[in-house]
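Accompanying notes for the structure given below.
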Amino acid sequence: MKLYGGFGSPFTRRVGVTLRLYKLEHEHIVLRGSVPEELERLQKFNPLGRVPALETDDGRALADSATILDYLDQLVGPEKSLTPASGDARTEVMNIIGISAGAVEKSISCYYEEGINAKRPPEMVYRPWVDRMYEQTKEGVEALDGMAKSPWMTGNKLTQADVTLVCFWDFIMKHRPDSAPTLNCPNLSALSDRANAMTEFAETIPA
Ligand SMILES: N[C@@H](CCC(=O)N[C@@H](CS)C(=O)NCC(=O)O)C(=O)O
């Protein structure tokens with residue numbers, strides 16, 4: 001199978017880590033929606049021109065990291081899946097993933113509002129909304145920090161909650177200007193260090 005997208009995208013990175021943890025052979029092809037020729041190629045696999053996208057061995061095109069992860073979970077089966085198949089364990093993992101996704105989405109929105117990747121001229125930025133989004137990211141990750149068990153988010157076993165949260169947390173930390181409120185998340189910092197010491201995570205750390 002082929003994974004399209006660079007690991008600068010936290011959504012692509014969580015798929016890249018999962019493919020490694022599942023030991024699934026794949027080709028990684030960095031396509032950027034911001035480059036017209038690459039966008040055209042990417043849209044064959046994701047009509048929105050976003051990353052990640054996955055081309056399966058039987059020729060299917062899957063868009064959206066949640067869909068791709070669900071596909072990979074089914075491929076490896078319930079014994080190996082990083083997302084529990086049912087019950088409280090599944091609900092706990094999905095809840096962590098949901099809050100993590102909300103926090104990183106707010107952070108990505110800020111990334112497109114200010115700094116070198118801004119899509120809007122500074123005079124068109126509505127400051128109260130950007131500030132609110134920084135707050136929402138902070139509230140989300142600090143809540144997650146309080147939910148953390150040890151050594152992994154839900155206890156002894158590494159799950160998709162850890163993969164997703166570490167990829168999203170690393171993005172949030174990398175792209176947070178000094179002017180944004182400080183994040184008080186010692187447990188998430190420790191989680192990130194623990195995970196990034198593993199080859200599967202280390203190989204996907206964006207430059
Ligand atoms: N919900 C999607 C989000 C994907 C996403 O936002 N990708 C970003 C990169 S981090 C992207 O391609 N943005 C370009 C765009 O939306 O045009 C997923 O989980 O795959």
Side-chain angles (χ1 to χ4, degrees), residues 1-22 24 26-56 60-75 81-83 90 93-120 124-125 129-130 133-134 136-137 140-141 144 159-177 180 192 201 203-207:
M1 65 188 108
K2 292 180 184 151
L3 171 64
Y4 297 101
F7 294 140
S9 157
F11 300 101
T12 308
R13 188 179 174 212
R14 71 171 176 159
V15 174
V17 172
T18 304
L19 281 164
R20 283 167 173 74
L21 288 168
Y22 287 167
L24 290 169
H26 64 282
E27 197 179 332
H28 180 213
I29 298 164
V30 178
L31 288 183
R32 293 157 298 175
S34 52
V35 178
E37 311 81 65
E38 296 182 22
L39 174 63
E40 201 180 321
R41 200 169 155 207
L42 183 58
Q43 280 173 321
K44 295 196 179 103
F45 305 101
N46 184 340
L48 301 172
R50 297 171 109 184
V51 295
L54 190 85
E55 185 179 357
T56 66
R60 277 178 287 169
L62 300 181
D64 202 285
S65 60
T67 305
I68 296 169
L69 291 179
D70 182 66
Y71 171 78
L72 299 179
D73 289 349
Q74 293 191 65
L75 211 56
S81 174
L82 288 163
T83 307
R90 181 177 176 85
V93 167
M94 296 305 282
N95 194 36
I96 291 168
I97 291 173
I99 300 169
S100 307
V104 84
E105 279 161 11
K106 292 294 172 179
S107 179
I108 291 171
S109 296
C110 293
Y111 170 84
Y112 288 129
E113 289 284 342
E114 58 183 1
I116 53 165
N117 297 294
K119 301 285 183 205
R120 220 191 281 277
M124 292 185 74
V125 171
W129 178 237
V130 176
M133 292 195 291
Y134 282 126
Q136 284 174 296
T137 301
V141 292
L144 289 162
T159 70
Q160 187 54 239
D162 302 291
V163 175
T164 289
L165 180 48
V166 167
C167 294
F168 291 2
W169 167 254
D170 288 351
F171 178 94
I172 290 168
M173 288 308 285
K174 187 170 178 185
H175 297 287
R176 204 165 168 81
S192 170
F201 285 83
E203 284 180 356
T204 63
I205 295 173

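Just so you know, residue 1 is the first one in the sequence shown, and it goes up from there. Atoms within a ligand are numbered from 1 in the order they appear, just like the ligands themselves.
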Original post:
Which of the atoms of ligand 1 are close to Pro52, meaning less than 4.0 Å from one of its heavy atoms?
Top reply: 20 (O)

**OP:** Grab the two heavy atoms, one from Ala161 and one from Val93, that are nearest each other, plus how far apart they are.
**Re:** N-CG1, 3.8 Å

**OP:** Mind telling me whether Phe45 and Tyr4 have parallel, tilted or perpendicular rings, with 30° and 60° as the class edges?
**Re:** parallel

Original post:
Considering only protein heavy atoms, which is closest to atom 17 (O) of ligand 1, and at what distance to one decimal place?
Top reply: Arg50 CG, 4.2 Å

Subject >> Sub-3.5 Å N/O-N/O distance, Glu105 and ligand 1 >> reply: no

Original post:
Do Ile108 and Pro10 have side chains that get closer than 4.5 Å, going by heavy atoms?
Top reply: yes

Original post:
Any idea which atoms of ligand 1 are less than 4.0 Å away from a heavy-atom of Ser9?
Top reply: 9 (C), 10 (S)

Subject >> Residue selection (non-hydrogen contact nearest atom 4 (C) of ligand 1) among Thr67, Val51, Ile68 >> reply: Val51

Subject >> Glu55 side chain reached by Ile29 side chain, heavy atoms, under 4.5 Å >> reply: no

Subject >> Any donor-acceptor N/O pair, Tyr22 side chain to Leu82 backbone, under 3.5 Å >> reply: yes

Original post:
Considering distance alone, does some N or O of Asp64 sit under 3.5 Å from an N or O of ligand 1?
Top reply: yes

Original post:
Does atom CD of Glu203 have more than 12 heavy-atom neighbours, drawn from other residues, nucleotides or ligands, at distances under 6.0 Å?
Top reply: yes

Original post:
Which one of Gly6, Ala66, Ser65 has a non-hydrogen atom at the shortest distance from atom 19 (O) of ligand 1?
Top reply: Ser65

**OP:** For atom 13 (N) of ligand 1, find the nearest protein heavy atom and state the residue, atom name and distance (0.1 Å precision).
**Re:** Tyr112 OH, 3.9 Å

